[in-house]
Amino acid sequence: MVIQVNAELMNKRSAEALVEWLGSFGRTGKGGVTRLLYTKSWKEAQQALKNLMEENGLPAYYDCIGNLFGRLQGTETPGRTILTGSHIDTVIEGGKYDGAYGIIASFIAVLRLAEKYGPPKKSIEVVSLCEEEGSRFPLTFWGSRNITGSYDLDCVKDVKDSDGMSFMEAMKEAGFNPQDYSPPIRNDIDSFVEIHIEQGMTLERNGKQLGVVSHISGQRRYTVLIKGESNHAGTTPMPYRKDALTTAARFITFLTEQAGETDPHLVATVGRLTVRPNVSNVIAGEVEFTLDIRHHQEPVIDSFCHTIFKELKQLSVNMNTEAFVSLWMDAKPVKMDSGIGQLAMELSLEKSILCQKMISGAGHDSQIFGQKYPACLLFVPSQGGISHSPEEFTKSNDLEAGIDLLTDVLHKLAY
């Protein structure tokens with residue numbers, strides 16, 4: 001098998017240029033990127049990637065939900081596949097590197113391997129996963145969860161976006177008719193390797209070019225509802241109040257302080273808060289807020305949740321209010337494959353690339369793949385730790401260092 005590499009493209013288009021090119025699909029007036037699952041910009045970006053893969057000698061195809069694969073065929077029969085890539089979708093007004101860099105880096109790495117070494121023993125597939133972020137519909141990891149078999153159409157039969165468009169209809173309009181759905185589960189995958197921007201500031205602050213992730217933190221997300229009694233702000237004495245907002249404030253202060261005392265890697269965030277009736281001269285009768293808790297060890301999460309919700313119960317009694325806690329997301333912590341991680345560390349040392357082991361506080365497709373296949377997650381720095389923003393940026397030399405290491409890891413795994 002001969003792989004025809006578009007030399008002009010590879011000579012003239014750096015990783016930085018290709019990321020910029022991909023970012024043009026869904027670019028907003030504010031300089032960000034909005035590329036949501038099954039929208040026009042999403043379809044155009046996936047098709048442009050498919051064309052790019054095919055023009056450079058990688059036969060490309062979609063599965064039934066819109067995951068895109070570009071394949072470098074291996075020589076072993078029956079064959080196993082090394083899967084590498086990331087996600088094509090973005091958050092609203094996101095950056096151009098999140099997800100996209102991982103696809104571009106994998107594409108460039110595979111072309112370099114084909115040009116230098118020819119066909120691998122194990123096939124390598126570059127994947128542009130159809131969805132990870134959950135920005136359009138209230139679910140995440142639609143792409144990777146279908147490949148691993150933990151999602152199917154039953155999971156989205158009643159799901160709609162904020163405009164009332166059903167998931168099934170959006171899927172059909174994008175060219176992936178649910179009637180043609182057949183579970184796209186992959187049992188030939190030998191391992192999954194993903195490279196991604198860090199979306200934090202650890203690497204930059206430590207002066208490192210690369211991170212090898214050992215664990216991806218588990219996440220629990222709750223909705224907390226506190227009910228009190230709305231009453232007149234001027235005529236209700238303090239001892240007789242049933243103030244939902246004061247209860248919430250004391251609980252949020254407690255959980256924030258407790259998180260800092262529990263473990264350096266544990267984080268707890270109250271992200272959205274709604275107060276009712278939200279009037280200046282009325283005691284708050286009801287408060288609802290979200291709570292996001294993350295750590296890479298489940299026993300730590302268990303212990304923390306036990307402590308804070310015990311305190312919430314007592315606070316509610318003391319404040320004469322009621323508290324209701326609803327868990328709506330429980331993603332387990334996942335350990336990355338230690339063998340591939342150690343290989344990446346050794347290869348970075350050989351290339352004199354400054355590298356460190358680290359924990360990912362953000363969720364990634366590696367977290368899903370890692371539950372079924374050996375998985376490796378590599379990070380390059382994010383300037384200022386900024387992500388999910390038009391200000392998202394990674395230096396060109398860091399992008400290239402990441403591709404260099406990814407190329408070497410894929411070579412060791414596939415050749």
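Computed over heavy atoms, backbone and side chain alike; hydrogens, waters and symmetry mates excluded.
Under 3.5 Å, the side chains of Gln199 and Tyr97 contain no donor-acceptor pair of N or O atoms. In this model, no donor atom of one side chain and acceptor atom of the other lie less than 3.5 Å apart for Thr81 and Ser123. Side-chain contact annotation: Asn146 with Tyr181, donor-acceptor N/O pair under 3.5 Å present. Side-chain N/O atoms of Glu93 and Thr28 include a donor and acceptor closer than 3.5 Å. Checked by atom type, the side-chain pair Glu55/Asn51 shows no donor-acceptor distance below 3.5 Å.
Legend: residues meeting side-chain hydrogen bond (donor to acceptor under 3.5 Å, both in side chains) with Glu125, ordered by chain and number and at least two apart, are Tyr61, Arg71, Arg186. Here Lys395 pairs with Gln383, Phe393, Asn397, Asp398 under the side-chain contact (heavy atoms from CB on, under 4.5 Å) rule; sequence neighbours left out. Qualifying side-chain contact (heavy atoms from CB on, under 4.5 Å) partners for Cys355, counting only residues two or more places apart in sequence or in other chains: Leu210, Val212, Met345, Ser348. Listed by chain and number, the residues in a side-chain contact (heavy atoms from CB on, under 4.5 Å) with Asp158 amount to none (sequence neighbours excluded). Residues satisfying the side-chain contact (heavy atoms from CB on, under 4.5 Å) criterion with Gln297, sequence neighbours excluded, are His295, Pro299, Val300. With sequence neighbours left out, the ring pair (Phe, Tyr, Trp, His ring centres under 6.0 Å) criterion links Phe324 to no other residue.
For the pair Thr39/Lys43, no side-chain contact is recorded, criterion being any heavy-atom separation below 4.5 Å from C-beta on. Taking the side chain as every heavy atom from C-beta outward, Asn206 and Gln356 approach each other to under 4.5 Å. Side-chain contact check for Ser41 versus Thr34: every heavy-atom pair is 4.5 Å or farther apart. Within the 4.5 Å cutoff, no side-chain heavy atoms of Met336 are placed close to those of Ser214. You'll find the side chain of Ile226 stays beyond 4.5 Å of the side chain of Met319, heavy atoms only. The side-chain heavy atoms of Ile124 and Tyr415, taken from C-beta on, include a pair separated by under 4.5 Å. Inter-residue side-chain proximity for Ile252 and Thr256 is flagged as met; some heavy-atom pair is nearer than 4.5 Å. Taking the side chain as every heavy atom from C-beta outward, Leu129 and Phe141 never approach each other to under 4.5 Å.
The minimum heavy-atom distance linking Ile195 with Leu406 is given by the pair CG2-CD2, 3.9 Å. Residues Ile340 and Pro374 come closest through the heavy atom pair CD1-CB, 4.2 Å. Pro237 approaches Thr235 most closely through the heavy-atom pair CD-O, 3.3 Å. Contact record, Gly23 with Lys96: CA-CB, 4.3 Å, taken as the closest heavy-atom pair. Lys332 and Gln367 get closest at one heavy-atom pair: O-NE2, 3.3 Å. In plain terms, the two heavy atoms of Leu68 and Gln46 that are nearest each other are CD2-O, 3.4 Å.
Here the CG-CZ distance, from Asp89 to Phe137, works out to 11.5 Å after rounding to the nearest 0.5 Å. The OG atom of Ser128 sits 5.0 Å away from the CG atom of Leu49 when rounded to the nearest 0.5 Å. Within the model, atoms NE2 of His296 and OG of Ser360 stand 11.5 Å from one another, a figure rounded to the nearest 0.5 Å. Here the SG atom belonging to Cys130 is positioned 7.0 Å from the CG atom belonging to Asp63, to the nearest 0.5 angstrom. Distance check: Leu139 CG to Glu133 CD gives 12.0 Å after rounding to the nearest 0.5 Å. Distance CZ/Arg250 to CG/Asp243: 9.0 Å, rounded to 0.5 Å.
Ser366 places no side-chain N or O within donor-acceptor distance of the main-chain N or O of Ala375, the cut-off being under 3.5 Å. Proximity of a side-chain donor or acceptor of Arg241 to a complementary backbone N or O of Thr236 within less than 3.5 Å is detected. The main-chain N or O of Pro59 is never found under 3.5 Å from a side-chain atom of Glu54 such that the two would form a donor-acceptor pair. With hydrogens and angles ignored, the 3.5 Å screen pairs no side-chain donor or acceptor of Arg136 with any backbone N or O of Arg35. Proximity of a side-chain donor or acceptor of Thr394 to a complementary backbone N or O of Pro381 within less than 3.5 Å is detected. At distances below 3.5 Å, not a single donor-acceptor pair connects side-chain atoms of Asn320 with backbone N or O atoms of Lys242. The closest donor-acceptor contact from the side chain of His232 to the backbone of Gly234 lies under 3.5 Å.
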Can you give the donor-acceptor pairs under 3.5 Å from side chains of residues 100-111 to other protein atoms, not counting sequence neighbours?
from: Tyr101; atom 1: OH; to: Leu399; atom 2: O; distance (Å): 2.7
from: Ser106; atom 1: OG; to: Thr84; atom 2: OG1; distance (Å): 2.8
from: Ser106; atom 1: OG; to: Gly85; atom 2: N; distance (Å): 3.3
from: Ser106; atom 1: OG; to: Gly102; atom 2: O; distance (Å): 2.9

Name the atoms and distances for all side-chain donor-acceptor pairs under 3.5 Å in residues 302-315, with sequence neighbours left out.
from: Asp302; atom 1: OD1; to: Arg220; atom 2: NH1; distance (Å): 3.2
from: Asp302; atom 1: OD1; to: Arg220; atom 2: NH2; distance (Å): 2.4
from: Thr307; atom 1: OG1; to: Ser303; atom 2: O; distance (Å): 3.0
from: Gln314; atom 1: NE2; to: Asn318; atom 2: OD1; distance (Å): 3.0

Identify every side-chain donor-acceptor pair in residues 264-287 under 3.5 Å, counting partners at least two apart or on other chains, and give the distances.
from: Arg276; atom 1: NH1; to: Glu286; atom 2: OE2; distance (Å): 2.7

Name each donor-acceptor pair under 3.5 Å that joins a side chain in residues 164-176 to protein atoms two or more places apart or in another chain, with its distance.
from: Ser166; atom 1: OG; to: Glu169; atom 2: N; distance (Å): 3.0

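At most 12 heavy atoms of other shown residues, nucleotides or ligands fall within 6.0 angstrom of atom NZ in Lys227. When the shell of 6.0 Å around NZ of Lys335 is examined, it contains more than 12 heavy atoms from other residues, nucleotides or ligands.
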Next on the checklist: Walk me through whether Thr247 and Thr321 qualify under side-chain hydrogen bond (donor to acceptor under 3.5 Å, both in side chains).
Outcome noted: CA-CA 8 Å; Thr247 305; Thr321 56; 3.3 Å; yes
Next on the checklist: As a quick check of understanding, evaluate side chain to side chain contact (heavy atoms under 4.5 Å, CB included) for Arg221 and Arg294, giving each step before the final call.
Outcome noted: CA-CA 9 Å; Arg221 297 186 190 179; Arg294 307 188 190 203; 3.3 Å; yes
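Ion pairing of Lys351 with Asp404 is absent here, as no side-chain N (NZ or NE/NH1/NH2) approaches a carboxylate O to less than 4.0 Å. The pair Arg205-Glu198 fails the salt-bridge criterion, with no side-chain N (NZ, NE, NH1 or NH2) lying under 4.0 Å from an Asp/Glu carboxylate O.
Under the salt bridge (charged side-chain N to carboxylate O under 4.0 Å, His left out) criterion, no residue pair touches residues 364-393, with sequence neighbours excluded. Among residue pairs with one or both ends in residues 140-154, none qualify as salt bridge (charged side-chain N to carboxylate O under 4.0 Å, His left out); sequence neighbours excluded.
Among Asp190, Asp337, Ile147, Leu83, the one residue that satisfies the side-chain contact (heavy atoms from CB on, under 4.5 Å) test with Tyr373 is Ile147.
When ring centroids are compared, Phe192 and His364 stay outside the 6.0 Å threshold.
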